[in-house]
Amino acid sequence: MDRTLCLSLLFFTAAVAAETGGAEPNLTSGGLLWSTAAEESDLAPPPDDGGFSSLDGMLQWAISHSDPGKLKESAEAQQRLPPSELYKRQFEIKEIMEKMKMPSDAELMRIAISDLNNVSTSLEDRHRALQELLELVESIDNANDLSKLGGLLAVREELYCSDPGIRTIAAWVLGKASQNNAIVQQQILELGVLSRLMKMVNSNSMEEANKALYAVSALIRNDLASQGLFYAEAGGWMLQDILSNTSLDVRLRRKAVRLLADLAAYQLENVDREEQPFFNDQDLLKAVVDLTTSTDLDLQEKVIVDTAPDTIVKALSNDLFCL
């Protein structure tokens, strides 16, 4: 935006302020005003291309680089304009301000999804797009809109990316979007990604493995159909392997304990369900009991608090485990 436009906007704003009784100008989303407080960087000269970092900065710069006398004369001249001309300029400035508004969440999601669907997008930009979606899907409304915008399909494709960092954040997005959200859980499961995420749990990258198990847990929590798919993919044995492997990242083992507790609790709440074979495995029980002596106090606490009182003890009394 050039300096002439800056000053024109300033002069017209001053005229509008005069018309409204000289109210102190303040730029907000609700009107053509500017803030009296400005960051030091906003008052610096504009970049070589004539742009400004914000409308506040533009107006503050215009004020600080203008002659007060000329400003007053220009404001008075604006006041003498006929109503039709004032309306025209007001409309032009309104259009400028509309263009400078922050895009909506839906627009930001569309931009990120478009980047993911563009095969020429660099890994860095793909990572940025996924990071944007990760933050946006924290809102349940945005998470519900993800499928409508084609975002779930786009993120699913990133699970097969050659870069482990991209796969990691893609799994994270799916997990966060589906957490405590039955609608999104179902939408993601219909894409057939559960088996892919379970394979990612075995990744050599611990970050990828952790985020993949996080996504698996979010997808199958409190859902009978998805848990059936999990068991069909040998999910119970996957958990047993994680719990018994002391060389694995402790964060992964903590997540496995939490998921096991959820599954056992769900089994106990639904006693009419067919019992899953891995609940009757002595090695699984031994792996859980061994964790009560873990040197990692957080892991030890999770086993004792999350698993022993609420699930394993009850499970034993219901003959879910065979010793």
Side-chain angles (χ1 to χ4, degrees), residues 134 137-147 151-152 155-156 159 170-201 209-240 242-243 251-281 284-285 288 291 299 301-321:
L134 181 65
V137 298
E138 286 186 10
S139 159
I140 190 169
D141 291 332
N142 290 341
N144 288 338
D145 287 341
L146 194 57
S147 178
L152 290 182
V155 176
R156 179 189 67 175
L159 295 177
W172 197 357
V173 170
L174 294 179
K176 183 166 286 189
S178 60
Q179 194 165 31
N180 301 317
N181 190 326
I183 294 174
V184 179
Q185 275 180 313
Q186 186 60 36
Q187 291 171 341
I188 294 176
L189 286 169
E190 288 174 355
L191 296 178
V193 302
L194 184 59
S195 60
R196 175 59 184 169
L197 289 168
M198 291 175 65
K199 289 178 182 177
M200 290 168 60
V201 173
N210 271 286
K211 291 302 184 288
L213 186 56
Y214 163 74
V216 169
S217 299
L219 279 174
I220 70 174
R221 183 165 291 128
N222 300 324
D223 185 81
L224 182 61
S226 61
Q227 288 180 15
L229 293 174
F230 175 76
Y231 293 130
E233 294 285 343
W237 314 124
M238 178 190 78
L239 288 179
Q240 181 175 317
I242 294 173
L243 295 175
R251 294 173 299 164
L252 189 67
R253 303 180 81 201
R254 291 173 193 159
K255 286 183 173 66
V257 167
R258 180 67 262 176
L259 178 54
L260 176 63
D262 286 344
L263 292 172
Y266 198 75
Q267 176 81 49
L268 288 167
E269 292 168 4
N270 298 271
V271 292
D272 56 328
R273 286 180 54 192
E274 181 182 351
E275 184 181 318
Q276 295 302 322
F278 86 100
F279 279 118
N280 288 319
D281 191 273
L284 173 64
L285 181 57
V288 173
L291 290 177
L299 177 58
E301 181 182 4
K302 283 188 179 299
V303 174
I304 296 173
V305 176
D306 293 343
T307 311
D310 296 331
T311 57
I312 289 187
V313 171
K314 292 180 183 178
L316 283 168
S317 65
N318 283 277
D319 294 324
L320 289 178
F321 294 91

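Residue numbers start at 1 and run along the sequence shown. Every value quoted in this text rests on a predicted model; they were computed, and no experiment measured them.
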What residues, two or more places apart in sequence or in another chain, satisfy side-chain hydrogen bond (donor to acceptor under 3.5 Å, both in side chains) together with Ser226?
->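 Partners of Ser226 by the side-chain hydrogen bond (donor to acceptor under 3.5 Å, both in side chains) criterion, ordered by chain and then number, come out as Asp223.
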Spacing of [atom1] belonging to [X] relative to [atom2] belonging to [Y], to within rounding of 0.5 Å:
X	Y	atom1	atom2	result
Leu260	Ser217	CG	OG	10.5 Å
Met238	Glu233	CE	CD	10.5 Å
Leu239	Leu259	CG	CG	5.0 Å
Asp141	Leu146	CG	CG	12.5 Å
Leu189	Ile220	CG	CD1	9.5 Å

Counterpart residues, salt bridge (Lys or Arg N to Asp or Glu O under 4.0 Å), relative to Glu138 (two or more places apart) |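 For Glu138 the salt bridge (Lys or Arg N to Asp or Glu O under 4.0 Å) partners, ignoring immediate neighbours, are Lys176.
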Would you call [X] and [Y] a side-chain contact if the rule is heavy atoms closer than 4.5 Å?
X	Y	result
Val193	Val155	no
Met198	Leu194	yes
Gln240	Leu243	no

Do you know which two heavy atoms are closest between [X] and [Y], and how far apart they sit?
X	Y	answer
Ala143	Ala177	CB-O, 3.7 Å
Leu213	Ala256	CD2-N, 3.8 Å
Ala209	Leu252	O-CD1, 3.6 Å
Gly192	Ser195	O-OG, 4.1 Å
Val137	Leu134	CG2-O, 3.5 Å

Could you pull out every donor-acceptor pair under 3.5 Å between side chains of residues 180-188 and any protein atom, sequence neighbours left out?
unit_1	atom_1	unit_2	atom_2	d
Asn181	OD1	Ile183	N	3.2
Asn181	OD1	Val184	N	3.2
Asn181	ND2	Asn144	OD1	3.0
Gln185	NE2	Ala218	O	2.7
Gln185	NE2	Leu219	O	3.1
Gln185	NE2	Arg221	O	3.3
Gln186	NE2	Glu190	OE2	3.3

Under the side-chain contact (heavy atoms from CB on, under 4.5 Å) criterion, do Ile242 and Lys255 qualify, and how do the steps go?
-> CA-CA 10 Å; Ile242 294 173; Lys255 286 183 173 66; over 6 Å; no
Without swapping roles, check the side chain of Arg251 against the backbone of Asn210 for a donor-acceptor pair under 3.5 Å.
->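 No, because the side chain of Arg251 does not come within donor-acceptor range (under 3.5 Å) of the backbone of Asn210.
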